[in-house]
Amino acid sequence: GSLGIRKKLTARLKERGIHHSSQTRYFSYFYKGNSKTVVGDGDELRLREAKVIHWPEAELALVLGTKHEIVGYSLANDFTAIEIEARGRTPDFDGTYHGKVWQGSCSIGPRIVAPHEININEMDIGLRIERDGVVIYDHTYSTQRRKREFRDLADLIVDYSQSFGIDPPL
């Protein structure tokens with residue numbers, strides 16, 4: 001299935017000396033977007049380029065307030081254009097950002113949940129894709145496996161994005 005393909009692609013990239021950002025010490029969290037790049041629950045996700053290999057990812061979205069504080073969480077279904085992400089990072093190009101952010105690259109929803117409504121430290125996040133009644137992708141992960149505290153992420157997102165000239169709204 002799709003998860004097996006993803007593992008094979010990641011291994012192939014590793015053989016070439018290219019590591020997925022989740023497997024390195026580099027920070028890979030960033031400002032995902034707004035209504036120009038993120039669509040609503042049930043809206044159509046889009047591939048970046050037809051000839052580039054993509055894989056789906058279930059993610060947890062942090063919703064930031066005007067002072068970059070966490071005001072909510074939501075599910076986020078996401079595409080990664082792995083061949084673009086694998087181009088790596090230079091002072092002028094962040095392959096992770098360009099491999100993950102474009103119009104229709106992510107959906108969010110079905111709702112935003114306030115931090116006090118859930119225990120974010122013990123949550124399973126998953127994504128299942130079915131076509132004609134057949135499951136073609138099914139993957140779940142636990143927030144317990146994260147490498148950083150959620151409360152630390154907002155400043156890291158802002159600082160990292162700004163290092164590439166991308167300013168999240170204030």
Side-chain angles (χ1 to χ4, degrees), residues 6 19-49 52 54-82 84-129 139-170:
R6 178 179 169 160
H19 300 277
H20 185 272
S21 59
S22 67
Q23 304 301 314
T24 69
R25 64 182 170 83
Y26 297 106
F27 183 72
S28 64
Y29 299 85
F30 50 86
Y31 174 68
K32 181 66 179 176
N34 54 29
S35 61
K36 293 180 183 175
T37 58
V38 179
V39 298
D41 183 47
D43 289 339
E44 182 177 318
L45 290 171
R46 298 183 182 138
L47 299 178
R48 181 159 189 118
E49 300 171 23
V52 175
H54 293 73
W55 65 44
E57 295 180 295
E59 296 183 346
L60 179 67
L62 303 179
V63 181
L64 303 180
T66 57
K67 296 179 181 160
H68 304 130
E69 74 280 12
I70 298 172
V71 297
Y73 298 95
S74 185
L75 296 177
N77 293 326
D78 169 90
F79 278 130
T80 296
I82 186 56
I84 294 172
E85 182 180 23
R87 293 178 190 163
R89 294 184 172 101
T90 69
D92 299 319
F93 181 80
D94 180 357
T96 298
Y97 178 82
H98 291 285
K100 290 182 162 286
V101 180
W102 64 87
Q103 187 174 6
S105 63
C106 176
S107 68
I108 190 168
R111 66 186 271 255
I112 296 171
V113 179
H116 69 274
E117 293 182 61
I118 56 174
N119 180 355
I120 202 68
N121 296 312
E122 296 180 15
M123 181 176 286
D124 290 332
I125 307 295
L127 174 63
R128 175 183 289 168
I129 300 173
H139 182 69
T140 302
Y141 73 93
S142 173
T143 58
Q144 291 177 332
R145 295 182 58 209
R146 72 189 183 281
K147 295 180 181 180
R148 292 173 177 85
E149 293 298 320
F150 290 110
R151 68 180 172 271
D152 298 335
L153 295 178
D155 288 337
L156 291 170
I157 292 166
V158 172
D159 293 345
Y160 187 76
S161 296
Q162 289 176 339
S163 75
F164 286 95
I166 302 161
D167 286 324
L170 299 175

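Predicted model only: the values in this text are computed from it and were never measured.
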Can you name the closest pair of heavy atoms from [X] and [Y] and give their distance?
X: Val113; Y: Glu117; answer: CG1-CB, 3.5 Å
X: Ala81; Y: Val52; answer: CB-CG1, 3.8 Å
X: Arg111; Y: Ser74; answer: O-OG, 2.9 Å
X: Arg46; Y: Trp102; answer: O-NE1, 2.9 Å

### Task
I would like to know whether Ile70 and Leu64 meet side-chain contact (heavy atoms from CB on, under 4.5 Å); could you show each step before the answer?
CA-CA 5 Å; Ile70 298 172; Leu64 303 180; 4.0 Å; yes
Will you find, in the side chains of Glu57 and Thr80, an N or O donor that is under 3.5 Å from an N or O acceptor?
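Checked: Glu57/Thr80 side chains pair up, N/O donor to acceptor below 3.5 Å.
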Handout entry: ring-ring contact (aromatic ring centres under 6.0 Å, His included) partners for Tyr73, two or more places apart
Key =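 Counting only residues at least two positions away or on another chain, Tyr73 forms a ring-ring contact (aromatic ring centres under 6.0 Å, His included) with Phe150.
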Practice task
In sequence, state the C-alpha distance, the side-chain angles, and the governing distance for Glu149 and Arg151, and then conclude on salt bridge (Lys or Arg N to Asp or Glu O under 4.0 Å).
Solution key: CA-CA 5 Å; Glu149 293 298 320; Arg151 68 180 172 271; 3.6 Å; yes
State which residues pass side chain to side chain donor-acceptor pair (under 3.5 Å) with [X]; sequence neighbours excluded, sorted by chain then number.
X: Arg145; answer: none
X: Asp43; answer: none
X: Gln144; answer: none

The reported gap from OG in Ser107 to CD in Glu59 (rounded to nearest 0.5 angstrom) is 10.5 Å
So OG of Ser142 and CG of Asn121: to nearest 0.5 Å the spacing works out to 9.5 Å
Could you label the plane-to-plane angle of the His54 and Phe79 rings as parallel, tilted or perpendicular, counting under 30° as parallel and over 60° as perpendicular?
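Ring orientation of His54 relative to Phe79: perpendicular.
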Distance-only check: which donor-acceptor pairs under 3.5 Å involve side-chain atoms of residues 122-129, not counting sequence neighbours?
| unit_1 | atom_1 | unit_2 | atom_2 | d |
| --- | --- | --- | --- | --- |
| Arg128 | NE | Asp138 | OD2 | 3.4 |
| Arg128 | NH2 | Asp138 | OD2 | 3.0 |

Where at least one partner belongs to residues 72-81, residue pairs that pass salt bridge (charged side-chain N to carboxylate O under 4.0 Å, His left out), sequence neighbours excluded: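 Residue pairs passing salt bridge (charged side-chain N to carboxylate O under 4.0 Å, His left out), neighbours aside: Lys32-Asp78, Asp78-Lys100.
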query: Are Asp41 and Ile108 side-chain neighbours, meaning at least one heavy-atom pair lies under 4.5 Å?
result: no
Exercise. Does Ile120 offer a backbone N or O that forms a donor-acceptor pair with the side chain of Thr143 under 3.5 Å?
Worked result: yes
